[in-house]
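Structure first, commentary second.
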Amino acid sequence: MALTLTIDDSSTGKALRVNGILYLEEVEDEEASVDTDDSGSVDADNQDTGNQDTDDQDTGGDTDTQGETPETDEVDTGEDTGDAENDGNTEPIGYVKLRTMMNIRDKNSLDSEIVTIYKKDTIAAALQYCSNSWVRIVCEEADCGYAYVCNTDNIYLIIGKSIYTVQKGDTIKSIAADLLGDEERYTEIKELNEFSSNVIAEGQVLLIPEV
């Protein structure tokens, strides 16, 4: 395309005309930009990968770590019939102590919803020992007042008949004498609570075996 350009020559005070040719070159479109959030980056870690219940894999150690999702080895030994197993009992028939952090569910099945999460060493009253190794427990977080915890192969829970809170001056032998009628049964208390020594502390809650 022809181009004529008129400019002022400051040295002569006259206008000068410059003839030339303007060449146009086709330029390819730039790649479209990607909209990001206000921070200017795309957070790929937050993409939805689906609702996967990965909370139920055991890491082999104490998972009681703040901010982490509990990981357990829950293995369902029965089929989910759609209804929770419930014999209607509302009074404690025993007590359970969690060996690890556990999901507490609204039915005795891994397919059911998680009501809450209990930390390792939590003690709860047992209302029913279900047929598929689950335990129905008192649960304040549940609207109905109870929920379920998995205990396949008896590896997730310690189960006792009752509980006792250690008082000042108590010894494990004196507790055995008072509650079980024989101080030599202190070994049963020790084994049930998985103690490595006879040392107990005031305020400590112990599981007590059947009298």
Side-chain angles (χ1 to χ4, degrees), residues 55-66 68 70-78 85-87 89-105 108-110 114-142 146-211:
D55 296 343
D56 304 325
Q57 302 298 320
D58 192 0
T59 57
D62 184 0
T63 57
D64 185 7
T65 304
Q66 185 176 3
E68 291 186 0
E71 299 182 350
T72 67
D73 254 338
E74 292 176 326
V75 178
D76 201 352
T77 58
E85 189 172 337
N86 185 357
D87 61 6
N89 178 55
T90 58
E91 296 297 325
I93 59 174
Y95 291 84
V96 300
K97 182 177 181 180
L98 278 61
R99 285 192 173 104
T100 183
M101 183 181 287
M102 294 289 287
N103 295 322
I104 309 300
R105 300 177 181 271
N108 51 310
S109 167
L110 292 183
I114 298 174
V115 176
T116 187
I117 296 169
Y118 282 169
K119 295 181 179 181
K120 177 184 177 181
D121 294 331
T122 297
I123 294 177
L127 300 176
Q128 178 183 357
Y129 301 115
C130 301
S131 59
N132 61 347
S133 299
W134 288 65
V135 181
R136 184 165 65 90
I137 61 174
V138 173
C139 177
E140 296 180 354
E141 292 83 358
Y146 61 83
Y148 298 79
V149 61
C150 180
N151 191 35
T152 302
D153 296 330
N154 295 318
I155 60 176
Y156 304 116
L157 309 176
I158 305 172
I159 299 176
K161 183 62 178 178
S162 61
I163 55 175
Y164 176 77
T165 302
V166 177
Q167 306 297 312
K168 185 176 181 180
D170 281 342
T171 66
I172 196 167
K173 286 190 175 183
S174 68
I175 293 172
D178 292 342
L179 300 182
L180 303 179
D182 183 358
E183 72 171 15
E184 293 306 316
R185 292 189 65 185
Y186 80 92
T187 56
E188 296 178 38
I189 298 176
K190 181 179 176 180
E191 291 173 1
L192 178 62
N193 289 273
E194 299 182 344
F195 292 162
S196 58
S197 72
N198 296 340
V199 178
I200 55 177
E202 183 179 358
Q204 188 174 5
V205 180
L206 308 179
L207 291 176
I208 304 299
E210 190 90 36
V211 176

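Position 1 is the first residue of the sequence; numbering continues from there.
The heavy-atom pair separating Ile175 from Val166 by the smallest distance is CD1-CG2, 4.2 Å. Here the closest non-hydrogen pair linking Leu192 and Gly160 is CD2-CA, 4.1 Å. Shown here for Leu179 and Val211, the closest heavy-atom pair between the two residues is O-CG2, 3.7 Å. Across every non-hydrogen atom of Leu157 and Asn151, the tightest pair is N-OD1, 3.0 Å. Closest approach of Glu183 to Ala176, counting heavy atoms only: O-CB, 3.7 Å. Closest non-hydrogen pair, Pro209 versus Ile189, comes out as CD-CG1, 4.0 Å.
Rounded to the nearest 0.5 Å, atoms OH (Tyr148) and OG (Ser109) are 11.5 Å apart. Distance check, rounded to the nearest 0.5 Å: OG of Ser131 to CD of Glu85 gives 3.5 Å. Thr116 OG1 to Asn103 CG: the interatomic distance, rounded to the nearest 0.5 Å, is 9.5 Å. Remark: Thr187 OG1 to Ile172 CD1 distance equals 8.5 Å, nearest 0.5 Å. Atom-to-atom distance recorded for Gln167:CD and Ser174:OG is 10.5 Å, nearest 0.5 angstrom. The distance from the OG1 atom of Thr122 to the CD1 atom of Ile104 is 8.0 Å, given to the nearest 0.5 Å.
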message: Under the criterion side chain to side chain contact (heavy atoms under 4.5 Å, CB included), I'd like the reasoning laid out for Leu110 against Trp134: C-alpha separation, chi angles, the key distance, then a yes or no.
response: CA-CA 10 Å; Leu110 292 183; Trp134 288 65; 3.8 Å; yes

- request: List the steps, then state whether side chain to side chain contact (heavy atoms under 4.5 Å, CB included) holds for Tyr164 with Leu207.
  value: CA-CA 7 Å; Tyr164 176 77; Leu207 291 176; over 6 Å; no

- prompt: Going through the distances and angles, do Met101 and Ile117 end up as a side chain to side chain contact (heavy atoms under 4.5 Å, CB included)?
  reply: CA-CA 7 Å; Met101 183 181 287; Ile117 296 169; 3.6 Å; yes

- request: Report the C-alpha distance between Ile137 and Tyr95 in whole Å, list the side-chain angles of each, state the deciding distance to 0.1 Å, and finish with yes or no for side chain to side chain contact (heavy atoms under 4.5 Å, CB included).
  value: CA-CA 8 Å; Ile137 61 174; Tyr95 291 84; over 6 Å; no

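Cation-pi geometry between Arg136 and Tyr146 is satisfied (NZ or CZ under 6.0 Å from the ring centre, within 45° of the ring normal). With Tyr186 as the aromatic partner, Lys173 meets the cation-pi criteria of under 6.0 angstrom to the ring centre and within 45 degrees of the ring axis.
Atom CD of Glu194 has more than 12 neighbouring heavy atoms from other residues, nucleotides or ligands inside a 6.0 Å radius.
Not one N or O on the side chain of Asn193 forms a donor-acceptor pair closer than 3.5 Å with the backbone of Phe195.
Here the options are Val135, Asn86, Ile93, Asn89, the test is side chain to side chain contact (heavy atoms under 4.5 Å, CB included), and the partner is Leu127; only Asn89 passes.
With sequence neighbours excluded, no residue satisfies side-chain hydrogen bond (donor to acceptor under 3.5 Å, both in side chains) with Gln204.
In this structure, the side chains of Ile208 and Leu206 come closer than 4.5 Å at one or more pairs of heavy atoms.
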